[in-house]
S.K.: 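Once you've had a glance at the structure underneath, I'll fire off some questions.
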Amino acid sequence: MIDIVILGTGAMTPLPERNLSAMLLRCEGRQILVDCGEGTQVAIREYGYGLKSIDGIAITHFHGDHFFGLPGLLQSLEHAGRTEPVWVAGPEGLDEMMERVLGMTGDLAFPVELRSEESFVSTNLLIETFPLSHRIPAQGYKFILERSGEFFPEKAREFGVAKDQWSRLQTGETVGNVTPQMVMGPKRKGISVVYATDTRPSRSIVEAARGVDLLIMDGTYPNEEKMAHAVKYGHMHFLEAAALAAEAGVKEAWLTHFSHSIEDPQEHMKAAQAIFPNIHSSFDGKKATLRFE
Ligand SMILES: [Zn+2]
Ligand SMILES: [Zn+2]
């Protein structure tokens, strides 16, 4: 099971009624934060979540609206008594940017580990990164909760494995000379979530998002009237995002990162839903719980 909460949906500067774009993802009691603009730590508290169980922070890119909240959040983690390591992932420039951020916070009571790999595991999730198409280096994130195959107790019995050893097989261990493959079916479909902002539409998003349960993406402008802005600033409008969601065959798509000029994103959803019916505007505090099929 993965729980998602959209902490903010705004672009550029936080507004009284709209926090900057960020998402919190929770799996098995641990949390991962995606982006951390000014005020993100307030939004986390606003929606009833704590800071203490945040294991990592995935930054999409180093524009201020996506990471200026980082020094403050790290300091608050320290005040919350954090001593275990926290990872920070980000695109090209991560090392240099984090040197500056840690220069601001000074020494912390916990180690900060930098993650620039294309894929890594945290909080039981496989995390994959992929390039976005923005004005500066930017990356999207795919979070995958894998699901092992079905366990066949009769086979385990047949091979003489004692019942108290079954959980070892189920978690991938070999017991004696019985391997998990001998007593379990093929891997089943897991849960996957993709987060992709700020960006123009791109092949890499379509590939990463193919068939995912939830795609959260850049919806800075409502329609093609703002096409010139979208191209100039490296963003999408709602209709481009809907076409991308349709092409990737996702189950559901949410828009975020709204320009100040959009007062109520909901007003513009009809045209987008004509292209891809299961696309929705997100709002600060929007939640979802994704479960295995
Ligand atoms: Zn932005
Ligand atoms: Zn940006």
Side-chain angles (χ1 to χ4, degrees), residues 4-25 32-44 57-73 88-98 100-101 116 129-142 193-202 204-205 208-209 215-223 226-241 244-245 253-263 265 268 281-286:
I4 302 270
V5 57
I6 298 292
L7 298 167
T9 54
M12 294 203 1
T13 47
L15 298 172
E17 300 302 324
R18 195 184 280 169
N19 299 313
L20 287 172
S21 293
M23 172 179 89
L24 193 68
L25 188 148
I32 293 172
L33 176 65
V34 183
D35 278 346
C36 187
E38 218 181 309
T40 293
Q41 60 167 317
V42 183
I44 295 172
I57 303 148
I59 302 289
T60 56
H61 64 298
F62 298 109
H63 274 154
D65 55 334
H66 297 259
F67 88 104
F68 277 3
L70 202 46
L73 178 88
V88 178
E92 195 189 314
L94 175 69
D95 292 28
E96 194 195 325
M97 215 45 97
M98 286 309 294
R100 293 194 206 168
V101 167
S116 42
T129 67
F130 55 93
L132 297 175
S133 175
H134 197 40
R135 284 170 289 150
I136 58 169
Q139 67 187 21
Y141 292 88
K142 182 173 188 174
V193 178
V194 164
Y195 193 91
T197 191
D198 301 356
T199 186
R200 292 285 303 141
S202 78
S204 64
I205 307 174
L215 167 62
I216 298 154
M217 65 184 145
D218 190 320
T220 306
Y221 304 110
N223 52 43
K226 292 279 187 181
M227 192 61 174
H229 280 74
V231 172
K232 183 174 176 194
Y233 297 112
H235 292 295
M236 282 193 255
H237 62 67
F238 287 16
L239 309 182
E240 289 179 306
L244 193 154
W254 292 359
L255 296 172
T256 185
H257 199 269
F258 304 124
S259 151
H260 287 189
S261 63
I262 301 179
E263 219 168 283
H268 305 280
S281 60
S282 41
F283 52 85
D284 293 25
K286 185 175 171 84

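Just follow the structure's listing: the first ligand is 1, and inside any ligand the first atom is 1. What you see below is based on every heavy atom in this structure, not just the backbone, and it leaves out hydrogens, waters and symmetry mates. Note that the coordinates shown come from a computational prediction; the quantities given were computed from them, not determined experimentally. Each residue takes its place number in the sequence, starting with 1.
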S.K.: Confirm or rule out an N/O/S atom of His257, from backbone or side chain, lying less than 2.8 Å from the Zn ion (ligand 1).
M.R.: yes

S.K.: One pair to check against side chain to side chain contact (heavy atoms under 4.5 Å, CB included): His268 and His237. What are the steps and the verdict?
M.R.: CA-CA 10 Å; His268 305 280; His237 62 67; over 6 Å; no

S.K.: Quick check: does Asp65 put an N/O/S atom under 2.8 Å from the Zn ion (ligand 2)?
M.R.: no

S.K.: Please confirm if an N, O or S atom belonging to His66, backbone or side chain, lies less than 2.8 Å from the Zn ion (ligand 2).
M.R.: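 No, since none of the N, O or S atoms of His66 sits under 2.8 Å from the Zn ion (ligand 2).
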
S.K.: If I take the Zn ion (ligand 2) as the centre, what angle separates the NE2 atom of His61 from the ND1 atom of His63? Nearest 10 degrees is fine.
M.R.: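 The angle at the Zn ion (ligand 2) comes to 100°, rounded to the nearest 10°.
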
S.K.: Are Tyr195 and Tyr141 near enough that their ring centres are under 6.0 Å apart?
M.R.: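 Centroid separation for Tyr195 and Tyr141: 6.0 Å or greater.
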
S.K.: Need the atom name: nearest N/O/S atom of Asp198 to the Zn ion (ligand 1).
M.R.: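 This residue's closest N, O or S atom turns out to be OD2.
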
S.K.: Between His235 and the Zn ion (ligand 2), is there a contact where an N/O/S atom of the residue lies under 2.8 Å from the metal?
M.R.: no

S.K.: Between CD of Gln139 and CD1 of Ile59, what distance do you get to the nearest 0.5 Å?
M.R.: 10.0 Å

S.K.: Identify the heavy atoms of Gly219 and Ile262 that sit nearest to each other, and give their distance.
M.R.: O-CD1, 4.2 Å

S.K.: Rounded to the nearest 0.5 Å, what separates atom CG in Leu94 from atom CD in Glu96?
M.R.: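 Spacing of CG (Leu94) from CD (Glu96) equals 10.5 Å.
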
